[in-house]
Participant: 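If you scroll down you'll find the structure; I have some questions about it.
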Amino acid sequence: MENHNDLSSSSSNLMNHTLPEEILKSLINGDLSLPHTRNFELPSVIRCCGGCEEEHYCSKLCAESDWESVHSLLCTGQSSGSSQAAMLRFLEHANGTNDIFILAAKVISFTILKYRKLKQLHFEGCKLLDRLGETDESRFSMLLEAWKPISMGFKKRWWDCIALPDDAAPCNEGSFRMQIKDLAFTSLQLLKDAIFDNECAYLFSLEVYGHIIGMFELNNLDLVVASPVEDYFIYIDELPSPEKEEAERLYSSFLDALGDEYSICCQGTAFFPLQSCMNHSCAPSAKAFKRDEDRDGQAVIIACRPISVGEEITISYIDEDLPYEERQAQLADYGFKCRCSKCLEEKP
Ligand SMILES: C[S@@+](CC[C@H](N)C(=O)[O-])C[C@H]1O[C@@H](n2cnc3c(N)ncnc32)[C@H](O)[C@@H]1O
């Protein structure tokens, strides 16, 4: 922590220094490297196997697994399983309005691909005659099975649960919610043009789409990954003298050019069926983490104090050390007034 503060105060005084372009080029092509960077080698970046420019992965395994489970229907590359032009129109609309639609499309794609896999497994090796046994009922039960991991998040429609913007008058709430519903309708039409599947038509109803987006509105978990650049400067700061001073001398102009940007973390949004559904408390009993060692896409819940048998496990959605009024203001964005024990105690 101390290292972090040292670095941020030194850099903030030296903002807006720029590096000559030829130095930047030398850094990118490897002709020039900063001291000790051999300890911070970046993993190679794997590109989407469908040929699109949007998705990049840390390993071939991740790329293949995403392709099989989600991306093959949403890819805009040559090997895509959808109409490329229609998918581009969907993405353009989502990027211009709300990228939560892209998450919803991933959920739908995941469910369709899972359904197709279940169906294939079910009928694998069957003779043509046996396939006549494929009924609407059996197809529906396979669709339900494919939908299972998401069903946990099926709670409220997006336009019913989204918080009213600060600058909106309460008397305009009805028209605000109607606008949000119309936006979701437009997005759904564009998605249907790109990946509609008649056997999975249920997934393309506005009711289901609204609930999927509502799930991300209510149950999303922010993921924050510390800046690897910051790690590098912290590493240098902890070197013994005179190595530290020598490295600092060599990198000082680079740090000045980066300014405060050296510590910008990587942020994302995720839905974990268990962690995302936990209630909030300003005196939480646990914290949700995505640790370096959790490489399998999982997040963990770690107790931050002893928890009694039968006691609810809670996490904090905000900085729980803020004063009461500020906590309430931040939680209003989540659409609720906190009723945790700490808030009930501190309520004026
Ligand atoms: C992420 S959900 C968690 C709730 C539920 N367990 C679930 O699975 O969806 C967040 C919603 O739970 C309710 N909630 C969570 N913590 C709360 C608290 N401390 N006080 C009041 N409502 C709370 C609010 O309605 C909030 O919009």
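What's counted below: heavy atoms across the whole structure, side chains too, no hydrogens, waters or symmetry copies. Read the numbers this way: they start at 1 and go in the same order the structure lists the ligands and their atoms. Numbers here simply count residues along the sequence, with the first being 1.
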Participant: Looking only at atom types and distance, does a side-chain atom of Lys181 sit under 3.5 Å from a main-chain N or O of Phe176, one as donor and one as acceptor?
Facilitator: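 Between the backbone of Phe176 and the side chain of Lys181 there is no qualifying donor-acceptor contact (under 3.5 Å).
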
Participant: Around ligand 1, what residues show up once you keep those with a heavy atom under 4.0 Å from it?
Facilitator: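 The answer is Lys155, Leu218, Asn219, Ser276, Cys277, Met278, Asn279, His280, Tyr317, Tyr334, Phe336, Lys337, Cys338, Arg339, counting any residue whose heavy atom sits under 4.0 Å from ligand 1.
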
Participant: Any pair with a residue in residues 202-213 that passes side-chain hydrogen bond (donor to acceptor under 3.5 Å, both in side chains), sequence neighbours left out, goes on the list, sorted by first then second residue, please.
Facilitator: Arg157-Glu207, Ser187-Tyr209

Participant: Could you list all the side-chain hydrogen bond (donor to acceptor under 3.5 Å, both in side chains) pairs where at least one residue sits in residues 139-149, not counting sequence neighbours?
Facilitator: Glu134-Arg139, Asp136-Arg139

Participant: Mind checking what makes ring-ring contact (aromatic ring centres under 6.0 Å, His included) contact with Phe254, not counting sequence neighbours?
Facilitator: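 For Phe254, no residue satisfies ring-ring contact (aromatic ring centres under 6.0 Å, His included) once neighbours in sequence are set aside.
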
Participant: Please determine whether a side-chain nitrogen of the Lys or Arg among Glu217 and Lys156 lies less than 4.0 Å from a carboxylate oxygen of the Asp or Glu.
Facilitator: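 Salt bridge flag = no for Lys156 with Glu217.
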
Participant: Say whether Ile313 and Ile318 are linked into one hydrophobic cluster, either directly or through other cluster members, by side-chain heavy-atom distances under 4.5 angstrom.
Facilitator: yes

